[in-house]
Amino acid sequence: MAKARKQKGDGGGSGGGATVLHQKLCVSIDMENQLIYGYTEIKVLLADNDTFALHADNMTIRSILVDGETAEFDYSPHWKNECDQPNWSSISCLKTAADAACSTYTSALNREAVPNLIVSYERSVKSITEQQLEENSEKHEENSGRLEEHGLKPVQASDNQIVNGCNGSAVEEQKEKENGNEKGKENGIETENEKVKNIKLVHIDYILEKAETGIHFVGNVLHSSSQIRRAHCWFPCIDSTTQRCPFDLEFTVSMDLIAVSNGDLLHQVLSKEDPTKKTYVYKLNTPVSAQWISLVVGPLEVLPDSNDTSVSHICLSPALSKLQNTIAFFHDAYSCYEDYLATPFPLGLYKQIFLPPEMTVLPTSLGASTCIFSSDILHDEKVIDQIIGTRIKLAYALAKQWFGIYTSAEEPNDEWLLDGLAGFLTEIFIKRFLGNNEARYRRFKANSTVCESDVSGATALSSPAASSDLYGTQAIGSYGKVRSLKAVAVLQMLEKQMGPDSFRKILQVIVAPNRASRTLSTKEFRHLANKVGNLERPFLKEFFPRWVESCGCPVMRLGISYSKKRNMIELAVSRGCTAKATPDSDSHINGDIREGDSGWPGMMSVRVHETDGAYDHPVLPMAGEALQVVEIQCHSKLAAKRVWKSKKSTKFDGSDDNIDVSTQENRTSIDSPLQWIRVDPEMEYLAEIHFHQPVQMWINQLEKDKDVISQSQAISVLEKLPQLSSAVINALNNFLNDTKAFWRVRVEAAYALAVTASEATDLAGLLHLVKFYKSRRFDTDIGMPRPNDFHDIPEYYVLEAIPHAVALVRSSDKNSPKGAIEFILQLLKYNDNNGNIYSDVYWLSAMVQSIGELELGQQGMGFLSSLLKRIDRLLQFDNFMPGYNGVLTVSCIRTLARIARRVSSSICLDRICVLISPFRNMDKPWKVRIEASRVLIDLELHHRGLDAALLLFLKYVDEEKSLRGATKLAVHVLRLCQASTVPHFNDQISLTTLIGLLHLLAGAKAYNNVFLRHHVFCIVQVAAGRSPTLFGVPKVVTPALVAQDICSDQQTKADSSIPQPSRPQEPSTSTPSVREVLPTSGPTKDADNISNCSERRNVVKIRVKLTASSSKASDADQRVHSHGGRNENEAGPCSSMSVDAPMVGAATEPLNVSNHNIEEQNSCHDRESRMSASVGNAKLMDRHEISKELQCTADSRLDVLPKDQFSPAVNPLGVVDKPGSQLEVVSTSYDGNQAPESVSGVETKERKKKDKKDKKRKRDEKRDKKDDPEYLEKKRLKKEKKKMEKESARKQLEGEEKATLEQRKIVKPSGLQEVLPARPPTAPVRSAEPAPSQSAEPAAVRSSEPQISSKETTVDTARTAAKPRIKIKVKPLLKKPEGS
């Protein structure tokens, strides 16, 4: 924190050592000529120099007075400098363009942070504060007795309190009160007197002629925006988050207009200069930064809250009816917060202003006691789908008034805390008024999003490199959303640790009116967690560095086995991390796991549901060894009569009393007391959990567990099963029909039925979906849909999702079944909303979007004309009678574009573009215009490539007048670039396009819209294969003119988004869309990955036998290769167990561990994780041992190759075609000075990534059948049959050889050379020369496969830093003749 305070001091020094104590702003607005005349009076505490600095831009400074005397000033506006764009002639490729974008963006942010209005004054000038000092001295003499009691004068104490409040520091009065020394009191008075001498009153008169940023004229409405560092673009100030002061505000407008601003409205009076105008006077007593000063002027309608006089709702006249319906709930949120925090709203009158979306810059623009919303979130009583989203947005904006404005961050590194507290308070409202199921479901989905995206240091909450060093841009874009969600999750983990009551007390302490400072730091919150929350210091010492100051979430992979004899559950656990490893960077900055960071503090709970009830076991340690086996004792026991015995199989032998769970996928759990098991059921950890239990236990969890998270987890596992039984499909169908279940989870069950529908199941999922819909919405007598009736809101949401789920069903030819197309067409044709009190605009929109998901194919092309005819009718209908926010038109445009892309061979894309282009006209609704522009960019990308799409984007941005519309287009293009991050694809971007993007980045349009500028910067970075963030960009950057010489270290790959079919619009869960996806498990070597040939071949299986010696060096070496990776082995060896992850399809085979007497349990495996537990004495040994022993055996079976990503076995990729190959036991020597060659290390990063994708694709193709127990049984029988055939053929061949030999002996009875028996014909052995120790060929281009010859084979591995060379000799197996 010492370093942060130094930055804060510099921040105060950004005003030339000035600290703002109070500011008065008086503005006169000429709406007709779009001019602003104003002056501001700033009361500042100056340092000992004769100059101080302020921020001012986009205005003309007319005069500056300091204490009534004219002062000299130097004014250099930033916006003029933006017009002088650099020369981009040095740009030659994507890399140089990305470097130039970094240079341009960071230099612009640096310039904006520096004050540009330098004011100089003379010390000889008589200060008005000297008179105040004399008056204070007189009061000191008259009230000496009062001074002895309090130590400070009333006036001086007030000024000092404001100063300390602005600085965010602790008030020094408490120390003086505790000190009873009279001399100390006098010294304190002298110090305050010196401060008063340095207080100056600065008067600045200015005029704003061209309001383009910070404040905006749109028609007859003027409004401000809370963009980063744009407050000084409409009034002079110190535009820094560390400078806070009270404000007095006066706004003079026409008589027919209303001015709404911050604080309490004291009065409105007629203007003395112009009687046709009136002045609104506001006063804001709470110290806030200049960013939170807002203003809205226009012909507004004010609607006071019917339940509370301290709340006003304001909008333009056309939206008044929607406003009345929307804000009916708001008193519930307002009173909920006041009740939870035990404090009334602290900022006076709260005002909500709703403006048309084309006017606003953001959907929500915050201000002190005010908030400006886009009016598209307003809705009438007929609209259903907008209700939940609107209420959550309004509640979150109100929570930000408490945490973010009233209580602000002490430093930029502390902003995460206020953001998280606001989100936490919002979830209190959701839980109380929208239901506990809604709150838990949203938190579960948000945590999943964080775990997928928290992979780099850019998401570290309180890291200087990810917050203060990014100039506030860390809160913009997808990374900002992930940081907000992570902040709420971290605070919820603290609440789970200390209890809800203690956490509530902490929040009440923070917002208490008698609290000395209105700022909050991470250090202070940590202190409150210890004192008020009763959390121990050692726990906090581990918690905050691990969760707040670094990145990454735990990745837990767990598998179970049940020992019937001991009535014990064995739980195999592997712990990883989502963060990517960057070995050359500091872990505290980038959030990577260091060697000492072995985990996370605390214990994770496991809830075991048994026949006698549920039992919680906090047995999973989050620290220590990454691979562990945990034993859990079961409480329930089964009666002897309930033991299940198979009719065809015998009972288990005495050698192993354990039940192999993986062989019971399709059996009931009647022979086990376990119903189902859950890991971390209360979400006490922000963790990614992959848990594996038998299918029947997942079905039990879905049917019997009432928790929405448990139900959602069960559905997500069941829909991914490669082999689906009727029990799974029936369980999903029963859950869909259960009206008592939460509607969001029922929608998930509907989509799961669509995913599971296939030819293998006779499209059972499709039949269940259609039957469910018809049972609710069809007339059984005539077989046609009934008129719409949406009284049952949860049932409405579920039925709305059915058409889209039906459209996702695919037959064996990957096309939509004919029945699915006819069903959707029938729903569109016979939709009838007569007599329904609710609007069907979202209902129809969902049906139209489902058409876009259909794969018509050859048999479905006959329905294309009918589908297009329905879409055309809906477009015309919505044009003549506009619906809510143009939702139906937007869906039709989007669907037309999807159909055009899918059948581009049959439809000319140019004709579709001509059809959609008229929707970009200005007479269309704003949402329709923006959607038409986005669809045309999509079609351009599909038709002509990324370069043409970017050129069209530049054209549309230049034509777009609304700031928010330009931002939406940039966000859309950024997603397209992330989805198209293919090197050869991005190389098609021309130099002209790159220079156009750089001109936009450095131009005035981007300066006026900081969100557009940030996303344009991200577009250039993603196109160059980098991450869309400033994180990691060096602060000292070479100027853009010499960008071609820049050697940037930023070579991280950009986030990739996989386009997926979008689901119909439903109430949002406020979770960001994650475009950075990591594989959930390491690449397993499949049979197709082992051999490059198509024919079936024998595979060499090599197991490394390690000695019992182990050392710390081995631990460190293992961590070097595994820390932070979710796909690699985790750090540290285990002295008592090993965890193997066998290949899918080999789950029924017992784990083979030689030379160890262990008790083994195999867990059940599915598509997401493969794990089994082994308890023994296996230890890893030091890699610097002189020699190691390899036990090599040859196995002709493909499915027995070890697929274990956790064990230290060496799995060469080479194959031997000779059936009888045999490997000798050889010794391996290590040369520490030799530069080894590695199977994976010699490859480049691009080659690794490509190979990993190929392996995963091939593994997924093989996996569909290998997890089916029936298939495995058939395969085993087939193998036994082939083995018997081979044995009989071998015996027959031996007989023939024996007969031939006897015949030859008869011909040549003696004195002849011994004849070797003939061998069966085999395929030629694939061989290659062993790699020499020194090769002229670079290691990067050498083959990644080990090369095996019939005589000698060299296999190079590099699992550790010292890379050994392993030589394996292969000798052919020769059968000796009989009697030799």
K.L.:
Between D239 and R229, is there a salt bridge with N-O shorter than 4.0 Å?
P.N.:
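Salt bridge flag = no for D239 with R229.
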
K.L.:
Determine whether a donor-acceptor pair (N or O, by modelled atom type, separation under 3.5 Å) exists between the side chain of S224 and the backbone of I215.
P.N.:
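No, S224 side chain to I215 backbone: no donor-acceptor pair under 3.5 Å.
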
K.L.:
Answer with yes or no whether the side chains of T40 and Q23 bring together a donor and an acceptor at under 3.5 Å.
P.N.:
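Side chains of Q23 and T40: pair found under 3.5 Å.
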
K.L.:
Should the ring pair W234 and F251 be called parallel, tilted or perpendicular, given that the plane angle runs from 0 to 90° and is split at 30 and 60?
P.N.:
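W234 and F251: parallel rings.
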
K.L.:
Taking atom CD as the centre, does Q34 end up with more than 12 heavy-atom neighbours from other residues, nucleotides or ligands that are less than 6.0 angstrom away?
P.N.:
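Yes, because the 6.0 Å sphere around CD of Q34 holds more than 12 heavy atoms from other groups.
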
K.L.:
Could you tell me whether the side chain of S365 and the main chain of S226 form a donor-acceptor pair under 3.5 Å?
P.N.:
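Side chain of S365 to backbone of S226: a pair is present.
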
K.L.:
Exactly one of L417, L418, D419 should register a side-chain contact (heavy atoms from CB on, under 4.5 Å) with F403. Which one does?
P.N.:
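Of the listed residues L417, L418, D419, the side-chain contact (heavy atoms from CB on, under 4.5 Å) partner of F403 is L418.
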
K.L.:
Under 3.5 Å, is there a donor-acceptor pair between the D205 and Y37 side chains?
P.N.:
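There is no such pair (donor and acceptor under 3.5 Å, judged by atom type) between the side chains of D205 and Y37.
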
K.L.:
Within 45 degrees of the axis of the six-membered ring of Y1007 and under 6.0 Å from its centre: does R230 put its NZ or CZ there?
P.N.:
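Flagged: R230 positioned over aromatic ring of Y1007.
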
K.L.:
Without swapping roles, check the side chain of R1026 against the backbone of C1018 for a donor-acceptor pair under 3.5 Å.
P.N.:
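Here the side-chain-to-backbone pair does not exist.
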
K.L.:
Answer yes or no: is there a donor N or O on one side and an acceptor on the other, between the side chain of D74 and the main chain of I118, under 3.5 Å?
P.N.:
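No: the side chain of D74 does not pair with the backbone of I118.
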
K.L.:
Might you work through the side-chain contact (heavy atoms from CB on, under 4.5 Å) test for N1009 and Q227, ending with a clear yes or no?
P.N.:
CA-CA 8 Å; N1009 188 349; Q227 297 188 73; 4.0 Å; yes

K.L.:
Can a side-chain donor-acceptor contact be found between T522 and D414 if the only test is distance below 3.5 angstrom?
P.N.:
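Their side chains do contain a donor-acceptor pair, which is all the 3.5 Å distance test asks for.
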
K.L.:
Which distance, rounded to the nearest 0.5 Å, do you find between the CZ of F953 and the CG of L969?
P.N.:
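Separation between the atoms: 6.5 Å.
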
K.L.:
Give a yes or no on whether the backbone of N413 and the side-chain of E415 come within a donor-acceptor separation of less than 3.5 Å.
P.N.:
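No, the answer is negative, given that no donor and acceptor are paired below the 3.5 Å cut-off.
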
K.L.:
Could you walk me through whether N116 and H232 pass side chain to side chain donor-acceptor pair (under 3.5 Å), step by step?
P.N.:
CA-CA 10 Å; N116 58 335; H232 67 276; 5.6 Å; no

K.L.:
With sequence neighbours excluded, what pairs up with K24 under the salt bridge (charged side-chain N to carboxylate O under 4.0 Å, His left out) test?
P.N.:
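So K24 forms a salt bridge (charged side-chain N to carboxylate O under 4.0 Å, His left out) with E250.
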
K.L.:
Output all residues satisfying salt bridge (charged side-chain N to carboxylate O under 4.0 Å, His left out) with R483, sequence neighbours left out; order by chain, then residue number.
P.N.:
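Partners of R483 by the salt bridge (charged side-chain N to carboxylate O under 4.0 Å, His left out) criterion come out as none, since no residue qualifies.
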
K.L.:
I'd like to know if D248 pairs up with K43 as an ion pair, taking the criterion as any Lys NZ or Arg NE/NH1/NH2 lying under 4.0 Å from an Asp or Glu carboxylate oxygen.
P.N.:
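Here D248 does not pair with K43 in a salt bridge, since their nearest N and O are not under 4.0 Å apart.
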
K.L.:
If we ignore angles and hydrogens, is there a donor and acceptor under 3.5 Å between the side chains of S1027 and T1029?
P.N.:
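The criterion, which ignores hydrogens and geometry beyond distance, is not satisfied for T1029 and S1027.
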
K.L.:
When you measure from the side chain of S521 to the backbone N and O of E524, does any donor-acceptor pair fall under 3.5 Å?
P.N.:
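Yes, S521 side chain to E524 backbone: donor-acceptor pair under 3.5 Å.
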
K.L.:
Please check if the side chain of H223 supplies one atom and the backbone of M359 the other of a donor-acceptor pair under 3.5 Å.
P.N.:
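Side chain of H223 to backbone of M359, a donor-acceptor pair under 3.5 Å: yes, one is there.
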
K.L.:
Under a 4.0 Å threshold between the charged nitrogen and the carboxylate oxygen, would E410 count as salt-bridged to K523?
P.N.:
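Salt bridge between K523 and E410, a charged N being under 4.0 Å from a carboxylate O: no.
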
K.L.:
Can you label the angle between the H203 ring and the Y39 ring as parallel, tilted or perpendicular, going by 30° and 60°?
P.N.:
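Ring orientation of H203 relative to Y39: parallel.
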
K.L.:
Tell me if a side-chain donor or acceptor on Q401 pairs with a main-chain N or O of G367 at a distance below 3.5 Å.
P.N.:
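Yes, because the side chain of Q401 sits within donor-acceptor range (under 3.5 Å) of the backbone of G367.
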
K.L.:
Measuring only between side-chain heavy atoms, which start at C-beta, is F1017 closer than 4.5 Å to P1028?
P.N.:
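Heavy-atom side-chain distance check fails, nothing below 4.5 Å.
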
K.L.:
How many angstroms lie between OG in S89 and CD1 in I995, if you round to the nearest 0.5 Å?
P.N.:
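Between S89 OG and I995 CD1, I get 8.0 Å after rounding to 0.5 Å.
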
K.L.:
Test side chain to side chain donor-acceptor pair (under 3.5 Å) on T370 and S294; report intermediate values, then the result.
P.N.:
CA-CA 7 Å; T370 62; S294 57; 2.6 Å; yes

K.L.:
Could you check whether E112 pairs with R1013 (Lys NZ or Arg NE/NH1/NH2 to Asp/Glu carboxylate O, under 4.0 Å)?
P.N.:
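The answer is yes: the pair qualifies as a salt bridge.
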
K.L.:
Using the side-chain contact (heavy atoms from CB on, under 4.5 Å) rule, pick out the option among L963, V957, V1016 that qualifies with K1005.
P.N.:
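The side-chain contact (heavy atoms from CB on, under 4.5 Å) with K1005 is passed solely by V957 among L963, V957, V1016.
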
K.L.:
Going by the angle between their ring planes, with limits at 30° and 60°, are Y406 and W402 parallel, tilted or perpendicular?
P.N.:
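Geometry flag for W402 against Y406: perpendicular rings.
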
K.L.:
Give a yes or no answer on whether the side chain of D958 reaches the backbone of L954 with a donor-acceptor pair at less than 3.5 Å.
P.N.:
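No, D958 side chain to L954 backbone: no donor-acceptor pair under 3.5 Å.
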
K.L.:
Would you say T104's side chain and A100's backbone share a donor-acceptor pair under 3.5 angstrom?
P.N.:
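Present.
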
K.L.:
Begin from the C-alpha positions of T519 and S517 and carry the test side chain to side chain donor-acceptor pair (under 3.5 Å) through to its verdict.
P.N.:
CA-CA 5 Å; T519 61; S517 176; 2.9 Å; yes

